[in-house]
Amino acid sequence: MAKSSSIDAVNQYFAEAARVIDLDDDMFGVLTTSYRELSVQVPVRLDDGELIVARGYRVQHNGARGPYKGGVRFHPAADLDEVRALASLMTWKTALMDLPFGGAKGGIEVDPAGLSADELQRMTRRFAQSIHHVLGVYRDIPAPDLNTNAQVMAWMMDAYSSVHGYSPAIVTGKPLDLGGAPGRDSATGRGVVYVLDACCEHRGIDLASQRVAIQGFGQVGNWVARELADRGATVVAVSDLKGGIVRPAGLDVASLVATVRAGGSVVDHADDAGVEAVSNEELLELDVDVLVPAAVEEVITEDNADRVRAPIVVEAANHPTTPGADKILGDRNVLVIPDILANAGGVTGSYFEWTQNIQQFTWKEERFLTELADRLAKACRDTQAFADERDVTLRQAAFAIGIKRVSDACRLRGYI
Ligand code: NAD
């Protein structure tokens, strides 16, 4: 079956929200296409002498409200269509959070799993060299995403700085020793739980009583699990690329984190007492209170949406739910907390890092987390109030708020 188009799906969500705010056709045309799409060749010499030629992308969707902002991923599915869709989501996310940024995304269409550190570094530098002319501290600021991390950001910063001079603010999600912000590491995952907590509170649900399944135990998923465990919720299932595990009485999150940090997989715990193996597909259909997709796109589709048993789905991953699945979940009264709200702690934390780099002044982690919680709480209140007032879903409300802010900025700047 041909892969469905991710940008068509995101634009379907856009269209639903645009109708709610009566967006005019001219603005619709501008905001459903990207401003700039750069596609570059990324040749990488492997350690054994073989050459692979990957393709890299940087898509800048809209910059009306500030410099383009968005992550870079290394993934075999990171083609132009996917990067385009993710760039568009970043525009609505930064606007929903009222950050002075636009939206962008980057990616290299490659499976980094077998690459050595040297190969990864060569690939990252080549990509950065090929896109540096569209980046800038006040133009476009990348960050980590799937299969990229603080080390990859350090290499990007170095490649950029070797041309433009020392520029720590050119990327966020850096190592602490290079201008990273204490708190940024955990911001996306913790933010997911702050948002979930706010949505639960609005509905009179006690977060500590919730049983949660998390798909993906990487940068985002592991922090979701840790924050949930700290708040007394029960993490009953987790997974990664190798598969999943479930323990109805609750998993030992700290020991899972230690295993993954040491380079292992959550499935290394499949033989622990009371633990059973579960596939990534089965995890989505477990009898839990909250389901957190925190891995890749389009895992909840029209094929499995009617088997999702959790009454709450929190989209920690970007675009985990197709529009068809979203409709099925909505019809079944499943509360879907949309990606552009749920995982917005990441870009908000990146904003804090960027401002600290520009001011050359580092905040303490407590301040970072307090500001993060405040901003997410406000975005939750705005989104919930809009949804209640207009009788629309949280996704429609979140998109509508973002679209309105961006279209106002486009008009004020005389863009159209
Ligand atoms: P990561 O590479 O650190 O972790 C990804 C996790 O998902 C790993 O555990 C991996 O094994 C697992 N995984 C990969 N492919 C899978 C598959 N097909 N099925 C099941 N599990 C799979 O990436 P991350 O930074 O944690 O990003 C996860 C999601 O969160 C992505 O959608 C990303 O766009 C989104 N996100 C990340 C950030 C951030 O700050 N890192 C911010 C906002 C949104």
Side-chain angles (χ1 to χ4, degrees), residues 6 10 69-78 82-83 85-90 92-94 96-97 103-107 111-113 120 142-153 171-174 180-181 183-192 195 213-226 237-245 256-257 259-261 263-268 278-284 291-300 314-321 338-353 372 376:
S6 300
V10 168
K69 187 88 190 80
V72 170
R73 61 172 53 181
F74 296 164
H75 197 271
E82 181 175 288
V83 176
L86 295 166
S88 169
L89 284 177
M90 285 306 297
W92 317 128
K93 191 184 302 181
T94 55
L96 172 66
M97 293 307 300
K105 202 79 180 191
D111 184 358
L120 273 177
D145 194 73
L146 263 182
N147 296 324
T148 56
N149 55 22
Q151 175 61 76
V152 171
M153 292 305 110
V171 286
T172 55
K174 293 178 293 293
R184 170 63 185 91
D185 186 40
S186 65
T188 312
R190 279 196 161 126
V192 169
V195 171
I214 306 169
Q215 185 187 61
F217 205 73
Q219 180 59 27
V220 178
N222 102 83
W223 274 107
V224 172
R226 288 160 79 168
V238 296
S239 69
D240 59 28
L241 200 47
K242 295 199 169 152
I245 51 173
L256 289 171
V257 170
T259 299
V260 170
R261 201 171 262 171
S265 159
V266 296
V267 298
D268 298 346
V278 66
S279 72
N280 262 299
E281 294 71 32
E282 289 163 346
L283 179 140
L284 299 170
L291 173 64
V292 186
V296 290
E297 276 67 44
E298 300 188 358
V299 292
I300 306 177
V314 195
E315 295 183 337
N318 281 310
H319 188 45
T321 312
D339 45 11
I340 62 170
L341 176 62
N343 68 35
V347 71
T348 306
S350 280
Y351 167 57
F352 298 158
E353 180 176 334
L372 181 70
L376 287 171

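Indexing begins at 1, ligand by ligand and atom by atom, following the structure's order.
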Legend entry - For the student: nearest non-hydrogen atoms of K69 and S350, plus distance: CE-CB, 3.6 Å

Legend entry - Under 3.5 Å: N/O of G221 near N/O of ligand 1: no

Inset, instruction - Determine, using heavy atoms of R184 and all atoms of ligand 1, whether some pair is separated by less than 4.0 Å. - result: yes

Inset, instruction - Using distance alone, determine whether D145 and ligand 1 share an N or O pair under 3.5 Å. - result: yes

Inset, instruction - Can you figure out which of D185, V347, L283, T188 has its heavy atom closest to atom 40 (O) of ligand 1? - result: T188

Legend entry - Nearest protein heavy atom with distance in Å, relative to atom 24 (P) of ligand 1: V220 CG2, 3.9 Å

Inset, instruction - Please round to the nearest 0.5 Å and tell me the distance separating atom OG1 of T148 and atom CD of Q219. - result: 9.5 Å

Legend entry - Top protein contact for atom 15 (N) of ligand 1, by heavy-atom distance: L241 CD1, 3.3 Å

Inset, instruction - Give a yes or no answer on whether the side chain of N343 reaches the backbone of G346 with a donor-acceptor pair at less than 3.5 Å. - result: no

Inset, instruction - Just jot down the salt bridge (Lys or Arg N to Asp or Glu O under 4.0 Å) partners of D145, sequence neighbours excluded, or say none. - result: R73, K105

Inset, instruction - Return the minimal non-hydrogen interatomic distance between A295 and A317, and the atom names on each side. - result: N-CB, 3.6 Å

Legend entry - Backbone of G264 reached by a side-chain donor or acceptor of D268 within 3.5 Å: no

Inset, instruction - For ligand 1, find out whether one of its N or O atoms is nearer than 3.5 Å to an N or O atom of F217. - result: yes

Inset, instruction - Tell me, please, which residues at least two apart from E315 pass side-chain hydrogen bond (donor to acceptor under 3.5 Å, both in side chains). - result: T321, R395

Inset, instruction - Report the nearest protein non-hydrogen atom to atom 31 (C) of ligand 1: residue, atom name, distance rounded to 0.1 Å. - result: A295 O, 3.2 Å

Legend entry - E297 N/O to ligand 1 N/O under 3.5 Å: no

Legend entry - N or O contact, A317 vs ligand 1, cut-off under 3.5 Å: no

Inset, instruction - Could you pull out the closest heavy-atom pair between E353 and T172, with the gap in Å? - result: OE2-CA, 3.3 Å

Inset, instruction - Answer with yes or no whether the side chains of D240 and S265 bring together a donor and an acceptor at under 3.5 Å. - result: yes

Inset, instruction - Report, in ascending order of atom number, the atoms of ligand 1 lying under 4.0 Å from any heavy atom of L146. - result: 2 (O), 5 (C), 23 (O)

Legend entry - Sub-3.5 Å N/O-N/O distance, R73 and ligand 1: yes

Legend entry - ligand 1 N/O within reach of K105 N/O, cut-off under 3.5 Å: no

Legend entry - Geometric N/O contact K93 with ligand 1, under 3.5 angstrom: no

Legend entry - Heavy atom of H319, distance to ligand 1 below 4.0 Å: no

Inset, instruction - Decide whether N280 and S239 meet the rule of one side-chain donor and one side-chain acceptor closer than 3.5 Å. - result: yes

Inset, instruction - Examine G346 against ligand 1 and note whether any of their N/O atoms are separated by less than 3.5 Å. - result: no

Inset, instruction - Would you check the N or O atoms of N147, main chain and side chain alike, for any that come under 3.5 Å of an N or O of ligand 1? - result: yes

